[in-house]
Amino acid sequence: MGEVNVDVFHPPFVDLLPADRVTLVRQQFFRHKTRVKNVCSEEALSELLQSRPAVLLLFGGPHCGVCQAMKPQLEKLASEEFPKLVTAYIDCQEAAGPLCAARGIFSLPVVQLWFGGQRFAEFARVFSIGDVGAALERPYGLLE
């Protein structure tokens, strides 16, 4: 069997839609995808943690299936239940490897919750989205 090329951004039904509707569908798809900030340096991370009152960090990598599965779920949790929470992704298997090592991240995935520039909670390797949501409730409720 030969290799099959699939364009996930051009499903078969797109040919049936008017051009302006196709643009709207793609904008809605990408709008959800772009809320997560990518952080690659210590300077960018420090600035983010000091400038925002509530930050969720996901330390992951493109070759970590669990990390890639959790990323959209954490973004959905943040956007639906905690809209003031900034979500950031740090790719430990690529450009941000030195940042992860400096921060003591040696296994994936790791989720850290930061409030007022201070680390509030950390989840590593085995945890659920519910665990993260439960940990966010009280400190998030104290945000003004």
Side-chain angles (χ1 to χ4, degrees), residues 1-15 17 21-144:
M1 228 198 288
E3 185 177 321
V4 177
N5 230 351
V6 177
D7 183 359
V8 296
F9 305 113
H10 190 82
F13 71 89
V14 168
D15 293 330
L17 296 173
R21 186 79 173 128
V22 170
T23 302
L24 179 62
V25 168
R26 287 187 175 148
Q27 285 172 348
Q28 289 173 345
F29 176 79
F30 285 114
R31 182 180 65 209
H32 177 75
K33 293 284 221 182
T34 58
R35 247 189 79 130
V36 175
K37 297 181 180 298
N38 289 313
V39 177
C40 296
S41 69
E42 182 64 45
E43 296 79 24
L45 179 57
S46 295
E47 194 275 324
L48 176 67
L49 295 175
Q50 295 305 317
S51 67
R52 301 301 181 122
V55 179
L56 181 149
L57 299 177
L58 170 61
F59 293 87
H63 307 294
C64 172
V66 175
C67 302
Q68 296 306 310
M70 291 194 95
K71 191 175 177 182
Q73 292 179 16
L74 289 168
E75 175 56 30
K76 181 179 178 185
L77 174 74
S79 65
E80 291 179 0
E81 297 183 37
F82 306 101
K84 296 177 192 172
L85 183 69
V86 174
T87 307
Y89 177 72
I90 301 166
D91 186 347
C92 295
Q93 294 177 330
E94 298 291 332
L99 169 62
C100 297
R103 292 271 176 164
I105 306 298
F106 298 109
S107 65
L108 299 176
V110 172
V111 170
Q112 292 180 349
L113 306 176
W114 291 72
F115 288 91
Q118 301 294 316
R119 187 171 63 189
F120 178 77
E122 180 173 296
F123 302 89
R125 295 183 55 135
V126 180
F127 57 92
S128 71
I129 300 299
D131 294 338
V132 176
L136 280 167
E137 286 178 11
R138 187 163 192 271
Y140 185 84
L142 298 174
L143 291 176
E144 296 176 359

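Put simply, NZ on K37 and CG on L45 are 12.5 Å apart, with the number rounded to the nearest 0.5 Å. Separating the CD atom in E75 from the OG1 atom in T87 is a distance of 4.5 Å, to the nearest 0.5 Å.
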For a side chain to side chain contact (heavy atoms under 4.5 Å, CB included) check, start with the C-alpha distance between L74 and V36, then their side-chain angles and the critical distance, and finish with the verdict. CA-CA 9 Å; L74 289 168; V36 175; over 6 Å; no
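When side chains are defined from C-beta on, Q93 counts as touching D91, because their heavy atoms get closer than 4.5 Å.
Residue pairs meeting the side chain to side chain donor-acceptor pair (under 3.5 Å) criterion with at least one member in residues 125-138, sequence neighbours excluded, are S128-D131. Sorted by first and then second residue, the ring-ring contact (aromatic ring centres under 6.0 Å, His included) pairs involving residues 119-139 (not counting sequence neighbours) are F115-F120, F123-F127.
Listed by chain and number, the residues in a ring pair (Phe, Tyr, Trp, His ring centres under 6.0 Å) with Y89 amount to none (sequence neighbours excluded). Here A69 pairs with nothing under the side-chain contact (heavy atoms from CB on, under 4.5 Å) rule; sequence neighbours left out.
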Cut-off 3.5 Å, no hydrogens considered: what does the side-chain donor-acceptor table look like for residues 48-67, sequence neighbours left out?
{"unit_1": "S51", "atom_1": "OG", "unit_2": "E47", "atom_2": "O", "d": "2.9"}
{"unit_1": "S51", "atom_1": "OG", "unit_2": "E47", "atom_2": "OE2", "d": "3.4"}
{"unit_1": "S51", "atom_1": "OG", "unit_2": "L48", "atom_2": "O", "d": "3.4"}

Would you be so kind as to tabulate the donor-acceptor pairs closer than 3.5 Å made by side chains of residues 100-113, with sequence neighbours excluded?
{"unit_1": "R103", "atom_1": "NE", "unit_2": "E42", "atom_2": "OE1", "d": "3.4"}
{"unit_1": "R103", "atom_1": "NH2", "unit_2": "E42", "atom_2": "OE2", "d": "2.6"}
{"unit_1": "Q112", "atom_1": "OE1", "unit_2": "W114", "atom_2": "NE1", "d": "3.0"}
{"unit_1": "Q112", "atom_1": "NE2", "unit_2": "E122", "atom_2": "OE1", "d": "2.7"}

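For Y140 (side chain) and K84 (main-chain N/O), a donor-acceptor pair under 3.5 Å exists by modelled atom type. The backbone N or O of K76 lies less than 3.5 Å from a partner atom in the side chain of S79, making a donor-acceptor pair.
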